[in-house]
Asker: 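Sharing a structure with you now.
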Amino acid sequence: MATLLRAAPISQRIVEDLTQKCAELKKSGTTPHLQVMLVGEHSPSLIYTSNKKKFMEKIGATCDIHKLPADVSEEEFIRDLKRFANDKNVNGLFVQLPLPKHLSHLDVGQMVPYEKDVDGFHAQNLYAIMAGDTGQKALVPCTPKGIITMLKEANIELEGKKAVVIGRSMIVGKPMMLLLTNFNATVTLCHSRTKDLQRVCQDADIIIAAIGRAKFLDNSFLSPQKNQILIDVGINHDENGNVCGDIDQDSVMDFCEILTPVPGGVGKMTILSLGENLIKATENQIGKLK
Ligand code: NAP
């Protein structure tokens, strides 16, 4: 039976570390401040932003959620975003996605200055990981960063491993592929047009599922003799309305070595990474002023 790789024990150590770093920053005169922009009343976004605020306050940082109505004009939205971008008291800034349709053409990832880009979506941060950075210089996208943290905490060696990433989004799949490559894994990036996905997965040492389809990956994708490691990024709802991942956890349980649960796995790591990015952004900004 698989060992469940949970976020909770890892979280405890990271929270302690971030709380200490935050206290040191405060002592030196700066309280790390995260500014969130939230447009409309999209209910998952309300929950996500409230959880992020609670987490920042838990580690001793401050967080403000700037709420704008769903019909806010593009002009007003950009004006507020620029104001936060230029505010020296704002250390981290992000726009909660999705935006309403009339704003969705805006490339907000590029409108946030790269040094405040705690989501890690700015071209300069993405270029750094494309150039080989594993997070020393760049603010790395939170979900892939959290997955790397989990793998490291579990002492899972990446060098020389065959990793399969399913999903090629800008926020998870593609940066995940780059980070794993930077840690010397050999990566296959899969998507909806991949031929014979089951065979590709059967040959992997590590499978990262970021698809957005409830319980998509079952034991027919696995090779039990390979002791595979399965990372489930998906946040979906099953037929009974319960939260579930992209992996059919019951089906794979006896066919793999390590499995991240949903909930209690990657989702929790994403907020931890956001906290790490806020502290890092603040430290970098102070370092620049010195
Ligand atoms: P996304 O933008 O929704 O894209 C889904 C990806 O899955 C696409 O690349 C798509 O391929 C691929 N795909 C869809 N059906 C497939 C199939 N049958 N076979 C192979 N690939 C298939 O992805 P996302 O934003 O990364 O989100 C993925 C999941 O992760 C969602 O459940 C989301 O809620 C969750 N998520 C969780 C966290 C967290 O903190 N845990 C963070 C972000 C996202 P094409 O490109 O060919 O269409």
Side-chain angles (χ1 to χ4, degrees), residues 4-8 10-11 14 36 42-52 54-55 94-99 104 107-109 118-121 126 129 139-151 163-180 187-204 207-218 220-222 230-239 241-249 259-277:
L4 284 179
L5 178 53
R6 297 181 192 277
I10 306 170
S11 163
I14 295 179
V36 181
H42 181 244
S43 36
S45 294
L46 291 170
I47 297 168
Y48 293 151
T49 50
S50 147
N51 288 344
K52 287 168 186 175
K54 271 188 215 145
F55 181 79
F94 76 89
V95 177
Q96 182 66 46
L97 299 176
L99 284 170
S104 62
D107 193 354
V108 288
V118 285
D119 262 343
F121 295 164
L126 290 173
I129 56 170
L139 295 170
V140 172
C142 295
T143 303
K145 179 181 169 77
I147 292 170
I148 293 290
T149 305
M150 276 185 129
L151 293 168
V164 166
V165 179
I166 316 173
R168 55 178 160 180
S169 72
M170 281 285 286
I171 60 168
V172 185
K174 283 178 182 158
M176 191 73 248
M177 167 193 73
L178 292 170
L179 283 175
L180 290 165
V187 189
T188 306
L189 182 64
C190 301
H191 44 76
S192 66
R193 313 292 171 88
T194 298
K195 292 227 167 16
D196 207 354
L197 183 62
Q198 280 178 323
R199 193 193 50 73
V200 177
C201 289
Q202 282 159 3
D203 197 35
I207 302 171
I208 298 181
I211 309 163
R213 294 186 59 180
K215 302 183 184 179
F216 174 85
L217 193 141
D218 62 17
S220 67
F221 287 75
L222 304 182
L230 306 190
I231 307 292
D232 195 346
V233 183
I235 302 177
N236 315 295
H237 289 93
D238 67 13
E239 57 285 0
N242 297 320
V243 174
C244 71
D246 289 342
I247 296 178
D248 183 340
Q249 306 245 333
L259 170 65
T260 62
V262 178
V266 173
K268 207 162 182 202
M269 296 305 299
T270 300
I271 292 196
L272 291 170
S273 302
L274 188 73
E276 289 179 314
N277 277 350

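Both ligands and their constituent atoms are indexed starting at 1 by order of listing. None of the values given here were measured: they were computed from a predicted structure.
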Asker: Taking the ring centre of each residue, are Phe221 and Phe216 less than 6.0 Å apart?
Answerer: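 Yes.
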Asker: Taking C-beta and beyond as the side chain, do Ile247 and Lys215 meet within less than 4.5 Å on heavy atoms?
Answerer: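 The answer is no, as the side chains (C-beta and beyond) never meet within the 4.5 Å cut-off.
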Asker: For residues Gly212 and Asn236, report the shortest heavy-atom separation together with the two atoms involved.
Answerer: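 Shortest heavy-atom contact: C-OD1, 3.3 Å.
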Asker: Using the test side chain to side chain contact (heavy atoms under 4.5 Å, CB included), find all partners of Leu178 that sit at least two apart in sequence or belong to another chain.
Answerer: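 By the side chain to side chain contact (heavy atoms under 4.5 Å, CB included) rule, Leu178 matches Ile129, Met130.
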Asker: With a cut-off of 3.5 Å and sequence neighbours excluded, list every side-chain donor-acceptor pair involving residues 263-272.
Answerer:
residue, atom, partner, partner atom, Å
Thr270, OG1, Thr143, OG1, 3.1
Thr270, OG1, Val266, O, 3.2

Asker: Quick one: list whatever passes side chain to side chain contact (heavy atoms under 4.5 Å, CB included) with Leu4, sequence neighbours left out.
Answerer: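 With neighbours one apart ignored, the set is Arg6, Gln249, Met253, Leu259, Pro261.
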Asker: Mind jotting down which protein residues get a heavy-atom contact under 4.0 Å with ligand 1? Chain and number order, please.
Answerer: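 Close residues (ligand 1, cut-off 4.0 Å): Thr143, Ile166, Gly167, Arg168, Ser169, Ile171, Val172, His191, Ser192, Leu197, Ala210, Ile211, Gly212, Arg213, Phe216, Val233, Gly234, Ile235, Asn236, Val266, Gly267, Thr270.
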